[in-house]
2 protein chains.
Amino acid sequence: MADVTERMLGLLSTLQTGRPFSGDELTRRLNVSPRTLRRDVDRLRGYGYPVETQPGPGGYYRLAAGRTMPPLVLDDDEAVATLLALASLAATGTSTEGGIDDAATRAYGKLDQFLPARLRPRVTSIRASLETSPQHAPGVTAHQLSVVAETISEHEMIAFTYTNARGERTDRRVEPYRQVHHLLRWYLLAWDGEREDWRVFRMDRVTDVVRTGEPFEPRPLPAGSALDYLRQGLNKGKEPVRIRVDAPAATVIDVLKFQDAEIHPIDDQHTTITLALDSWQWLILNLAFLEADFHISEGADFAAACRTFGERLMGATRT
Amino acid sequence: MADVTERMLGLLSTLQTGRPFSGDELTRRLNVSPRTLRRDVDRLRGYGYPVETQPGPGGYYRLAAGRTMPPLVLDDDEAVATLLALASLAATGTSTEGGIDDAATRAYGKLDQFLPARLRPRVTSIRASLETSPQHAPGVTAHQLSVVAETISEHEMIAFTYTNARGERTDRRVEPYRQVHHLLRWYLLAWDGEREDWRVFRMDRVTDVVRTGEPFEPRPLPAGSALDYLRQGLNKGKEPVRIRVDAPAATVIDVLKFQDAEIHPIDDQHTTITLALDSWQWLILNLAFLEADFHISEGADFAAACRTFGERLMGATRT
DNA sequence: AAGATGCGGTCAGGATCTGGCCACATCTGT
DNA sequence: ACAGATGTGGCCAGATCCTGACCGCATCTT
């Protein structure tokens with residue numbers, strides 16, 4: 001009895017010629033019974049190969065090659081971009097069965113079979129010459145993301161188990177609205193009925209997703225986009241802060257150009273910054289780049305965060 | 001446990017990427033024991049696929065060029081991964097005409113034609129429900145990357161103009177060896193004949209690539225991999241820093257995801273970070289986000305910067 | 001030398017495969 | 001309409017293969 005995989009590879013090779021073969025002919029080639037041949041054909045179909053048949057006199061099995069690889073209208077750049085996108089995603093994850101990175105790896109290994117013959121040498125040369133830096137990111141399964149996407153489209157509630165950052169598990173039942181990809185993480189924006197509020201979940205902490213079959217009436221999103229809401233969630237509160245800096249206004253404007261702040265010169269060498277603080281860490285980064293002394297005139301919470309972090313920095317350097 | 005044939009086809013796809021994979025990584029992807037993996041590799045060898053290995057630290061399995069691949073189909077997860085990869089790459093860049101992100105955006109819009117009809121509803125629902133966060137990264141054209149890949153494969157010298165970080169332009173003529181994707185940037189590892197040494201170039205600073213038609217005799221790479229050499233080059237002249245953090249490794253990995261650092265757990269609640277210091281300000285930002293105590297074990301310059309900035313923060317809060 | 005990788009034999013238990021048999025569906029040619 | 005030649009899929013008992021665990025070993029790097 002031959003190795004099954006070997007036989008399947010042989011059958012694939014035979015069928016990829018695109019010719020029709022009668023069952024009788026295939027059983028002779030493979031040296032198996034007609035029943036086993038039928039199982040083999042079913043097996044190929046299970047893997048996604050579109051094997052066509054026709055019963056009756058002159059009946060046959062045939063691999064519908066034209067449907068496996070439909071004519072592609074990707075131009076050269078698009079094909080290369082697809083390849084590079086897969087290479088990049090393949091390097092992002094934990095190499096777990098079912099993970100997106102695993103699926104991306106396999107797709108990356110197959111892509112040339114879906115491109116016109118003229119692009120194959122290019123794919124081969126890119127693959128041979130490209131290295132990607134591994135990037136650790138929490139695993140999410142392609143299956144879970146696509147199930148959730150379908151329930152969003154169909155306005156169907158889902159239930160799942162959520163594990164928060166401290167390891168506590170809760171069962172949730174929500175209306176799903178958007179999935180967001182942000183800084184190597186996948187998030188779900190959903191309405192939580194029990195809490196009567198919007199919630200953002202990290203998809204790598206979501207397990208045991210179940211489709212409830214229960215439809216919901218869509219409600220308006222809580223912000224312009226799910227991404228906006230996600231960002232707001234990551235930045236709590238907005239404390240008014242005023243800082244006097246020992247630096248010229250022009251310097252301050254240059255360093256704080258990505259910060260939404262009001263900047264006024266006091267004199268040639270001193271400047272006032274006024275802003276609504278959303279992240280003390282990002283403001284500290286800007287102040288670090290300024291490399292100038294400063295004084296916090298307003299903003300007790302920010303001052304407290306600075307004191308705490310300052311103490312921490314001093315403590316870190318003690319031997 | 002997957003059907004053996006299915007698993008072998010998946011393993012073939014994975015190995016076809018040309019990358020080296022450790023046994024550990026493959027066992028995780030395939031969800032089998034190490035012993036079974038070894039049998040699978042033997043099985044592939046028996047079918048004529050030349051799988052190379054290297055034992056010892058950094059050991060791996062890799063598929064050498066040789067045997068033709070059987071016809072392969074995209075499974076559901078692979079199709080989803082392709083879609084997500086394109087979505088992610090489309091959001092990464094500067095939206096410049098000709099850039100990879102531009103091509104990825106177009107391919108993302110065309111993916112349906114790529115896929116069997118049964119997957120179309122899934123693609124549609126993912127597209128409708130997914131948002132991706134824009135990520136600014138230096139732009140590179142798909143055309144340039146593929147031209148360079150071809151010259152690497154064909155051992156052909158290229159000429160180009162290079163603009164360094166200070167804006168100075170030089171003409172270069174080099175032997176190209178590898179393109180590397182690392183932390184959102186594309187690099188080229190090449191041998192520079194004039195300088196008689198290896199050089200790493202950022203591809204977004206490379207312009208006016210010209211194929212010279214002149215072949216070169218390949219020389220051995222300067223390190224185990226181009227990525228290793230790239231890391232050494234990027235780290236050259238930077239201060240080695242070692243920090244002990246009172247936080248679990250998983251938390252640290254989460255926060256330092258865009259930092260090129262080695263992160264090792266000491267125990268459940270303590271972690272060591274080892275890195276070459278690029279910018280003390282950016283590292284301080286990461287440490288601020290960690291919200292945990294830490295101690296600097298190595299890196300006198302960094303410690304001094306922390307002390308100075310700590311004093312500045314403390315001074316800023318005095319009334 | 002220690003440790004991290006790959007290697008291959010052996011075993012018991014479990015899983016899958018096989019050919020034969022059967023009733024059935026579909027198609028073509030007379 | 002019918003006969004015959006094709007493909008279809010369930011069921012069964014017996015045979016075969018696969019698996020993880022265990023073990024001792026080889027190779028490579030630091």
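Sequence lines set the chain letters: A, B, ... in the order given, protein chains first and strands last, and positions in each chain run from 1.
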Show the distances under 3.5 angstrom between N or O atoms of the protein and N or O atoms of nucleotides 21-25 of chain C.
none

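- Ring pair B:His182/B:Tyr187 is tilted by interplanar angle, where 30° to 60° counts as tilted.
- In this structure, B:Leu26 places its CG atom 13 Å from P of C:dT5, rounding to the nearest Å.
- Using a 4.0 Å cut-off between charged nitrogen and carboxylate oxygen, A:Arg45 and A:Asp42 count as a salt-bridge pair.
- The base of D:dG20 sits within donor-acceptor range of the side chain of B:Arg39, with an N or O pair under 3.5 Å.
- Note: CG (A:Asp24) to P (D:dT8) measures 14 Å, nearest angstrom.
- B:Met157 has its side chain out of reach of B:Trp191: every pair of non-hydrogen atoms, C-beta onward, lies at least 4.5 Å apart.
- Using a 4.0 Å heavy-atom criterion, one finds that B:Val41 contacts no nucleic acid atom at all.
- Within 4.0 Å (heavy atoms only), A:Arg62 reaches no atom of the nucleic acid at all.
- Straight-line distance from the CZ atom of A:Arg7 to the P atom of C:dC17: 9 Å, rounded to whole Å.
- Residue A:Glu25 contributes atom CD, which lies 11 Å from atom P of D:dT6 at whole-angstrom precision.
- Residue B:Tyr61 places at least one side-chain N or O closer than 4.0 Å to OP1 or OP2 of C:dC7.
- In summary, the aromatic rings of B:Tyr177 and B:Trp198 are positioned with their centroids under 6.0 Å apart.
- Residue B:Glu6 contributes atom CD, which lies 17 Å from atom C1' of C:dC17 at whole-angstrom precision.
- A salt bridge between B:Asp77 and A:Arg106 is absent, with no side-chain N of the basic residue lying under 4.0 Å from a carboxylate O of the acidic one.
- We find that B:Asp278 and B:Lys238 are joined by a salt bridge, their nearest charged nitrogen and carboxylate oxygen being less than 4.0 Å apart.
- Here A:Thr53 does not reach the OP1 or OP2 of D:dT6: none of its side-chain N or O atoms lies under 4.0 Å away.
- When the side-chain nitrogen and oxygen atoms of B:Arg43 are compared with OP1 and OP2 of D:dC17, none of them lie within a distance under 4.0 Å.
- The separation between A:Asp3 atom CG and C:dT16 atom P is 16 Å, rounded to whole Å.
- Note that the two end axes of the helix from C:dA1-D:dT30 to C:dT30-D:dA1 enclose an angle of 60°, each drawn from 5 base pairs, rounded to 10 degrees.
- Looking at B:Trp282 and B:Leu285, their side chains come closer than 4.5 Å, going by heavy atoms from C-beta outward.
- Between B:Ser297 and B:Ile243, every side-chain heavy-atom pair lies at or beyond the 4.5 Å cut-off.
- Which of D:dC28, C:dT18, D:dG9 sits closest to the side chain of B:Gln54 comes down to D:dC28.
- Put simply, the side chain of B:Gln16 does not reach to within 4.5 Å of the side chain of B:Leu72, judged on heavy atoms.
- With DNA chain D read from its 5' end, the first of the two nearest nucleotides for A:Pro57 and A:Gly23 is the one closest to A:Pro57.
- Atom CG of B:Asn31 and atom C1' of D:dC18 are 15 Å apart (whole Å).
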